[in-house]
Amino acid sequence: MGQSAESESGKRDSGGATQPELPPGQRVQRGWPVTHYGPVPKFRPERWEFRVFGATADGEKYCWNHEEFTALPHASVLADLHCVTKFSMLGAEWGGIPARTILAAAPPSPEVTHVMVWAEYGFSSNLRLADFASDRTIFATHKDGELLTAEHGFPLRLVVPHLYAWKGPKWVRGVEYMTADRRGFWEERGYHNVGDPWREQRYSYQEEPGDGPEL
Ligand SMILES: Nc1nc2c(c(=O)[nH]1)N[C@H]1C(S)=C(S)[C@@H](COP(=O)(O)O)O[C@H]1N2
Ligand SMILES: [Mo]
């Protein structure tokens, strides 16, 4: 991870060469720390499935087993990871299944405005549909060409490059399509409902009308 990779990743994420490479208040972390609440789940391939449920266009639920899910077409996205505790990990290449592939395979009803991304042990994070539908949002199986390790989310984690990293659950198991917003795990516990690092939307007390449901 050299200097040029870092400045490139900053330009990519900020959408313009004039923006700084790091969101305000962040510092670069060498290496890749492990950050999460609770234990690391054990992967049991025979019991793993990825579900899409809630307000689908046809009212059906969708379900993939591990073999089926990982056989979906892969893509890769270069993106930084910004933790709200102020460290950033720059210049990762995430390989996996784009969120848009899931939206195409399991279309949401036109009334859907938000999604809840669900992970093992009931961890969840809510996203605006537009954030989930970004062409850079990806369900990652790999980082820099290698399978994710257990502590970093194997077999699957979400990466939403333009939001703080808690918006990307590790050990993700499904997506719920919602016709109204609802707070996920950290969003219920004092973190900002939207979580844009470039606007430093760290905590829920910073929310403005329209940023999220009443607390
Ligand atoms: N399931 C789950 N996913 C999670 C979290 C968590 O507590 N549980 N923490 C988030 C936070 S706060 C961060 S910063 C990133 C950290 O990812 P890493 O441990 O791979 O660096 O994971 C996110 N995904
Ligand atoms: Mo974080």
Side-chain angles (χ1 to χ4, degrees), residues 1 5-6 9 13 22-44 47-51 66 69 76-97 99 115-127 131-132 134 136-176 182-204 206 212:
M1 183 187 344
E6 288 176 12
S9 63
D13 259 15
L22 272 181
Q26 295 295 110
R27 57 186 143 67
V28 177
Q29 175 81 40
R30 299 285 162 190
W32 189 11
V34 173
T35 315
H36 59 262
Y37 176 83
V40 174
K42 186 172 160 46
F43 174 54
R44 295 185 186 83
R47 287 173 54 183
W48 192 94
E49 54 192 13
F50 186 93
R51 290 175 169 276
H66 187 247
F69 193 84
S76 71
V77 169
L78 291 162
D80 307 332
L81 207 126
H82 306 297
C83 177
V84 71
T85 63
K86 300 199 168 178
F87 72 81
S88 292
M89 194 265 287
L90 300 182
E93 185 201 338
W94 305 97
I97 295 96
V115 306
M116 189 72 79
V117 182
W118 288 101
E120 301 284 356
Y121 302 136
F123 183 87
S124 61
S125 186
N126 59 315
L127 295 166
D131 293 319
F132 183 69
S134 158
R136 306 208 341 110
T137 299
I138 187 163
F139 289 98
T141 54
H142 290 71
K143 181 195 163 264
D144 297 327
E146 298 196 7
L147 269 185
L148 293 172
T149 57
E151 62 270 26
H152 287 301
F154 178 81
L156 195 67
R157 75 179 294 163
L158 187 68
V159 176
V160 188
H162 63 287
L163 298 179
Y164 282 117
W166 89 77
K167 288 290 187 179
K170 304 194 277 192
W171 313 296
V172 56
R173 289 288 299 274
V175 179
E176 177 185 355
R182 226 164 68 216
R183 289 172 191 271
F185 184 87
W186 289 120
E187 295 83 4
E188 274 185 333
R189 289 166 176 79
Y191 289 91
H192 198 284
N193 192 60
V194 176
D196 179 347
W198 298 96
R199 299 175 66 187
E200 243 190 307
Q201 295 176 330
R202 296 179 191 275
Y203 308 110
S204 53
Q206 300 171 294

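Atoms within each ligand, like the ligands themselves, are counted from 1 in listed order. Because the structure is predicted, anything quoted here is derived from the model rather than measured.
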I would like to know whether Phe43 and Phe154 meet ring pair (Phe, Tyr, Trp, His ring centres under 6.0 Å); could you show each step before the answer?
CA-CA 8 Å; Phe43 174 54; Phe154 178 81; 5.1 Å; yes

Report the part of Trp166 in contact with ligand 1, treating N, CA, C, O as backbone and CB onward as side chain, heavy atoms under 4.0 Å; options are side chain, backbone, both, neither.
both

Around atom 24 (N) of ligand 1, find the nearest protein heavy atom and jot down its residue, atom name and distance.
Gly168 O, 3.1 Å

Is the backbone of Glu151 close enough, under 3.5 Å, to the side chain of Lys170 for a donor and an acceptor to pair up by distance?
yes

In terms of atom number and element, which parts of ligand 1 are under 4.0 angstrom from non-hydrogen atoms of Trp32?
18 (P), 20 (O), 21 (O)

Proximal atoms of ligand 1 relative to Val34 (non-hydrogen, under 4.0 Å)
19 (O)

Suppose we screen for side-chain contact (heavy atoms from CB on, under 4.5 Å). Which residues come up paired with Glu93, at least two apart in sequence or across chains?
Ser76, Leu78, Asp144

How are the rings of Phe132 and Phe139 set relative to one another: parallel (under 30°), tilted (30 to 60°) or perpendicular (over 60°)?
perpendicular

Suppose I only count heavy atoms of His36 and a 4.0 Å limit; which atoms of ligand 1 are within that range?
5 (C), 6 (C), 7 (O), 8 (N), 9 (N)

Identify, by atom number and element, the atoms of ligand 1 in contact range of Arg157, meaning under 4.0 Å from any of its heavy atoms.
15 (C), 16 (C), 17 (O), 18 (P), 20 (O), 22 (O)

Report the part of Tyr121 in contact with ligand 1, treating N, CA, C, O as backbone and CB onward as side chain, heavy atoms under 4.0 Å; options are side chain, backbone, both, neither.
neither

Which protein heavy atom lies closest to atom 9 (N) of ligand 1, and at what distance to 0.1 Å?
Thr35 O, 3.5 Å

Applying the side-chain contact (heavy atoms from CB on, under 4.5 Å) criterion to Met89, which one of Lys143, Arg30, His82 satisfies it?
Lys143

Show me which atoms of ligand 1 lie under 4.0 Å from any heavy atom of Trp186.
7 (O)

Looking at Pro169, which atoms of ligand 1 are within less than 4.0 Å of one of its heavy atoms?
3 (N), 24 (N)

List ligand 1 atoms under 4.0 Å from Tyr37, heavy atoms only on the residue side.
6 (C), 7 (O)

Would you check if the side chain of Arg183 reaches a backbone N or O of Asn126 as a donor-acceptor pair within less than 3.5 Å?
no

Ranking Lys170, Glu151, Lys167, Gln29 by closest non-hydrogen atom to atom 19 (O) of ligand 1, top hit is Lys170

Mark yes or no for whether Arg202, through its side chain, and Val84, through its backbone, hold a donor-acceptor pair below 3.5 Å.
yes

Side chain or backbone of Glu120 under 4.0 Å from ligand 1, or both, or neither, by non-hydrogen atoms?
neither

CA sep, side-chain torsions, deciding dist, call: Glu187, Arg182, salt bridge (Lys or Arg N to Asp or Glu O under 4.0 Å)
CA-CA 9 Å; Glu187 295 83 4; Arg182 226 164 68 216; over 6 Å; no

Taking Asp196 for its side chain and Leu163 for its backbone only, find out whether a donor-acceptor pair lies under 3.5 Å.
no

For ligand 1, indicate whether the residue Tyr164 contacts it via side chain, backbone, both or neither (heavy-atom separation under 4.0 Å).
neither

